[in-house]
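For reference, the structure is listed below as structure tokens.
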Amino acid sequence: MKNNLSRLGLIALVSTIIVFSCNEVQDRPAREKELAALIDSLEAGYSTFSKVDTDQLRSISDTIEAHLNDIQRLYVGEQKRELAEPLSKYRSILKLLPDVSVRGIKVRDECQITLKQLTDLRDAIASGATVDALGNKIDEAYVAKALKNEGDVARILITEMKQITDRAVQVHEQYALYFPVASHLVDSLRSVPPIKK
């Protein structure tokens, strides 16, 4: 009887160890490395993205709108093709700007949140923590789920930051190309009184 109880106790102990081992984070160094690579990619994307000057972009938007309003107010008659085409391209810059400014602010905030969550998870794994700040158990399932969720968000953010950065470059290129035409036209129209119909 005593022998049977000992065997049952041993079986229970082994079962507990097996369950505990299955729930433990399987390979902490590998998980840390995976998280570090993800953090590095996100930080690299953010480093380039953070150089986008949203104040300057708003200034460009204000300038374009002011020029177009002046041209509409002061220009009389039908625009010649050689003038209408660059002005149309100049106007089209405004379509690029909302994405750069509005999406840019949203992406910046989401990026900072995601970086913190990824860094906290990496640090928790590195320190051997078994519970998170909310008391949730940090096991293999927890880490796998967090890595998938935050990894998916990080990859989306990296793509969005690149798109916004490319869009900002496009705005600057288009503006540099068509600003002189619009500015010269506005200066010319302002220098003479409008023709009455």
Side-chain angles (χ1 to χ4, degrees), residues 35-122 146-197:
L35 280 161
L38 199 53
I39 290 166
D40 287 347
S41 295
L42 193 56
E43 285 180 336
Y46 186 75
S47 176
T48 303
F49 167 76
S50 64
K51 293 182 177 71
V52 173
D53 189 337
T54 52
D55 289 337
Q56 189 179 31
L57 292 171
R58 284 192 204 98
S59 176
I60 287 174
S61 177
D62 291 344
T63 301
I64 293 172
E65 287 181 350
H67 278 163
L68 293 174
N69 288 337
D70 283 343
I71 291 167
Q72 186 176 5
R73 181 171 53 87
L74 299 171
Y75 195 91
V76 176
E78 189 176 342
Q79 287 182 3
K80 295 178 181 179
R81 184 177 177 181
E82 59 268 23
L83 190 58
E85 193 170 320
L87 286 178
S88 175
K89 296 279 180 68
Y90 191 57
R91 184 180 290 105
S92 70
I93 297 171
L94 293 173
K95 295 177 183 177
L96 301 172
L97 284 162
D99 274 350
V100 174
S101 56
V102 177
R103 279 177 63 207
I105 293 168
K106 182 182 174 186
V107 167
R108 180 195 64 203
D109 293 344
E110 287 180 357
C111 187
Q112 290 172 349
I113 291 168
T114 302
L115 272 172
K116 185 179 186 315
Q117 289 174 333
L118 288 170
T119 303
D120 287 349
L121 180 60
R122 181 197 61 193
L147 258 173
K148 183 184 184 313
N149 292 344
E150 296 303 327
D152 288 347
V153 171
R155 282 181 277 276
I156 290 169
L157 287 170
I158 289 166
T159 300
E160 283 209 70
M161 285 190 289
K162 185 179 185 314
Q163 288 174 345
I164 292 170
T165 302
D166 291 347
R167 193 70 64 89
V169 170
Q170 191 180 351
V171 166
H172 284 291
E173 288 174 349
Q174 295 288 308
Y175 184 70
L177 194 58
Y178 298 110
F179 169 80
V181 177
S183 182
H184 176 72
L185 176 60
V186 169
D187 289 344
S188 299
L189 291 171
R190 284 174 178 169
S191 66
V192 294
I195 300 170
K196 294 182 180 179
K197 292 184 179 180

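Computed from a predicted model, the values in this text were never measured in an experiment. Quick note: numbers below take in every heavy atom, side chains included, and nothing from hydrogens, waters or symmetry partners.
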**Message:** I'd like to know whether M161 forms a side-chain contact (heavy atoms from CB on, under 4.5 Å) with V52, so could you lay out the CA-CA distance, the side-chain angles of the two residues, the decisive distance to 0.1 Å, and finally the verdict.
**Reply:** CA-CA 10 Å; M161 285 190 289; V52 173; over 6 Å; no

How far does [atom1] of [X] sit from [atom2] of [Y], to the nearest 0.5 angstrom?
X    : Y    : atom1 : atom2 : result
L118 : L35  : CG    : CG    : 6.0 Å
R108 : I164 : CZ    : CD1   : 11.0 Å
Q56  : S59  : CD    : OG    : 7.0 Å
L83  : L185 : CG    : CG    : 5.0 Å
L121 : K116 : CG    : NZ    : 11.5 Å

Check whether any side-chain N or O of [X] sits under 3.5 Å from a backbone N or O of [Y] as a donor-acceptor pair, and report yes or no.
X    : Y    : value
S188 : H184 : yes
S41  : A37  : yes
S61  : L57  : no
S183 : F179 : no

Do [X] and [Y] come within less than 4.5 Å of each other through their side chains, counting heavy atoms only?
X    : Y    : answer
R155 : L38  : yes
T114 : E150 : yes
V153 : E110 : no
L68  : Q72  : no
D70  : Y75  : no

**Chi angles and distances behind the salt bridge (charged side-chain N to carboxylate O under 4.0 Å, His left out) call for D109, K106** = CA-CA 5 Å; D109 293 344; K106 182 182 174 186; over 6 Å; no

**Asked** Applying side chain to side chain donor-acceptor pair (under 3.5 Å), which residue pairs with at least one partner in residues 160-171 are found, sequence neighbours left out?
**Response** D99-R167, R103-E160, R103-Q163, K162-D166

Without placing hydrogens or testing angles, list every side-chain donor-acceptor pair under 3.5 Å for residues 87-94, not counting sequence neighbours.
unit_1, atom_1, unit_2, atom_2, d
Y90, OH, H67, ND1, 2.8
S92, OG, K89, O, 2.6

**Stepwise side-chain contact (heavy atoms from CB on, under 4.5 Å) test for V186 and R190** = CA-CA 6 Å; V186 169; R190 284 174 178 169; 3.4 Å; yes

**Item:** Where I39 and R122 come nearest, the two heavy atoms and their spacing
**Value:**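 What the structure gives for the nearest pair is CD1-NH1, 3.8 Å.
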
**Prompt:** Going through the distances and angles, do D187 and S191 end up as a side-chain contact (heavy atoms from CB on, under 4.5 Å)?
**Reply:** CA-CA 6 Å; D187 289 344; S191 66; over 6 Å; no

**Message:** Please evaluate residues H172 and I60 with respect to the criterion side-chain contact (heavy atoms from CB on, under 4.5 Å), reporting the C-alpha separation (whole Å), side-chain torsions for both, the decisive distance (0.1 Å), and the verdict.
**Reply:** CA-CA 9 Å; H172 284 291; I60 287 174; 3.8 Å; yes

**Request:** Only counting residues at least two apart or in another chain, list the ones meeting ring pair (Phe, Tyr, Trp, His ring centres under 6.0 Å) with Y46.
**Result:** none

